[in-house]
Amino acid sequence: VQLQASGGGLVQAGGSLRLSCVASGKAYGMGWFRQAAGREREFVASASWSGATTYYAESVKGRFTISRDNDKNTVYLQMNGLKPEDTAVYYCAKAKVYGIDLTQDASFPYWGQGTLVTVSS
């Protein structure tokens with residue numbers, strides 16, 4: 001299984017970015033995590049295999065939206081209202097079974113390479 005994330009960049013506070021992650025293989029739950037410099041990796045958002053069920057960290061609720069297009073093997077993270085504290089390397093991840101906790105990084109055996117999001121104040 002291979003995952004390729006893209007869409008990161010530099011944006012001013014209040015701006016928007018859309019991250020994309022193309023993943024090979026069968027559709028399973030997928031998630032986005034992030035890691036800021038000097039901090040541990042944290043959960044951002046995830047979606048069930050169909051996209052019908054989504055989960056968000058409290059810090060991004062109402063600002064970020066996760067979606068997926070299984071015909072394109074792609075999951076998206078639309079990020080609006082970006083804040084400097086959103087600055088981090090964002091990673092997409094993919095599960096390999098159903099019925100697991102999609103908010104825990106331990107549930108995801110497959111990870112993309114990360115894409116850097118920098119939000120300036």
Side-chain angles (χ1 to χ4, degrees):
V1 175
Q2 294 184 330
L3 291 83
Q4 181 70 43
S6 62
L10 173 63
V11 63
Q12 289 187 335
S16 298
L17 282 175
R18 188 176 80 156
L19 306 183
S20 300
C21 177
V22 181
S24 63
K26 187 177 178 180
Y28 285 102
M30 293 191 67
W32 288 95
F33 292 76
R34 67 186 181 188
Q35 186 167 21
R39 301 187 64 176
E40 293 187 354
R41 186 168 61 192
E42 64 175 0
F43 168 74
V44 176
S46 60
S48 62
W49 73 272
S50 66
T53 303
T54 57
Y55 306 90
Y56 295 94
E58 286 296 326
S59 60
V60 307
K61 275 184 181 178
R63 300 188 297 124
F64 291 10
T65 302
I66 188 170
S67 61
R68 63 189 299 164
D69 183 342
N70 288 340
D71 289 338
K72 296 182 179 179
N73 294 327
T74 302
V75 63
Y76 305 97
L77 185 68
Q78 178 66 44
M79 305 186 293
N80 299 329
L82 282 161
K83 305 175 181 180
E85 52 263 43
D86 294 318
T87 295
V89 177
Y90 283 70
Y91 298 91
C92 62
K94 183 175 179 178
K96 65 175 182 179
V97 295
Y98 301 116
I100 55 174
D101 184 348
L102 294 178
T103 67
Q104 301 297 315
D105 57 2
S107 296
F108 297 91
Y110 306 115
W111 292 80
Q113 84 287 5
T115 185
L116 176 63
V117 172
T118 303
V119 184
S120 63
S121 56

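These numbers come from the heavy atoms of this one structure, side chains and all, not from hydrogens, waters or symmetry mates.
- For Glu42, the CD atom sits in a packed shell: over 12 heavy atoms of surrounding residues, nucleotides or ligands are nearer than 6.0 Å.
- The two residues Ala45 and Tyr56 make their nearest non-hydrogen contact at CB-CD2, 3.7 Å.
- Both Val97 and Leu102 are assigned to one and the same hydrophobic cluster, defined by single-linkage of ILVMFWY side chains at heavy-atom distances under 4.5 Å.
- Of all the heavy atoms in Gln2 and Ser24, the pair that sits closest is N-OG, 2.8 Å.
- For the pair Val44 and Phe64, the minimum side-chain heavy-atom distance is below 4.5 Å.
- Remark: the backbone N or O of Ser48 is not paired with any side-chain donor or acceptor of Thr53 at under 3.5 angstrom.
- For Thr115 (side chain) and Gly8 (main-chain N/O), a donor-acceptor pair under 3.5 Å exists by modelled atom type.
- Gly81 and Arg63 get closest at one heavy-atom pair: O-NH1, 2.9 Å.
- In terms of heavy-atom proximity, Ala13 sits nearest to Ser121 at CB-CA, 4.4 Å.
- Ring geometry for Tyr91 versus Trp111: interplanar angle over 60°, hence perpendicular rather than tilted (30 to 60°).
- Taken together through direct or relayed side-chain contacts under 4.5 Å among Ile, Leu, Val, Met, Phe, Trp and Tyr, Val75 and Val117 form part of one hydrophobic cluster.
- A cation-pi arrangement is not found for Arg68 relative to Trp49, the charged atom failing to lie both closer than 6.0 Å to the ring centre and inside a 45° cone about the ring normal.
- There is a path of hydrophobic side-chain contacts, each under 4.5 Å, that joins Leu82 to Leu19.
- Ring geometry for Tyr98 against Tyr28 counts as tilted: the plane angle lies between 30° and 60°, on a 0 to 90° scale.
- Between Arg34 and Leu116 there is no side-chain heavy-atom pair separated by less than 4.5 Å.
- With hydrogens and angles disregarded, no donor-acceptor distance shorter than 3.5 Å links the side chain of Gln35 to the backbone of Tyr90.
- For the pair Lys96/Val1, no side-chain contact is recorded, criterion being any heavy-atom separation below 4.5 Å from C-beta on.
- Summarising the geometry of Gly114 relative to Val89, their closest heavy-atom pair is CA-CG1, 3.8 Å, with the distance given to 0.1 Å.
- Both Ile66 and Met30 are assigned to one and the same hydrophobic cluster, defined by single-linkage of ILVMFWY side chains at heavy-atom distances under 4.5 Å.
- Ala36 and Ala88 make their closest contact through N-CB, 3.7 Å (heavy atoms, listed as atom of the first residue, atom of the second, distance).
- With Thr87 contributing its side chain and Glu85 its backbone, the two residues share no donor-acceptor pair below 3.5 Å.
- In the hydrophobic clustering of ILVMFWY residues, with side-chain heavy atoms under 4.5 Å counting as a link, Phe108 and Tyr55 come out together.
- Without hydrogens or angle criteria, Lys94 side chain to Lys26 main chain gives a donor-acceptor distance under 3.5 Å.
- A donor-acceptor contact shorter than 3.5 Å is absent between the side chain of Ser107 and the backbone of Ile100.
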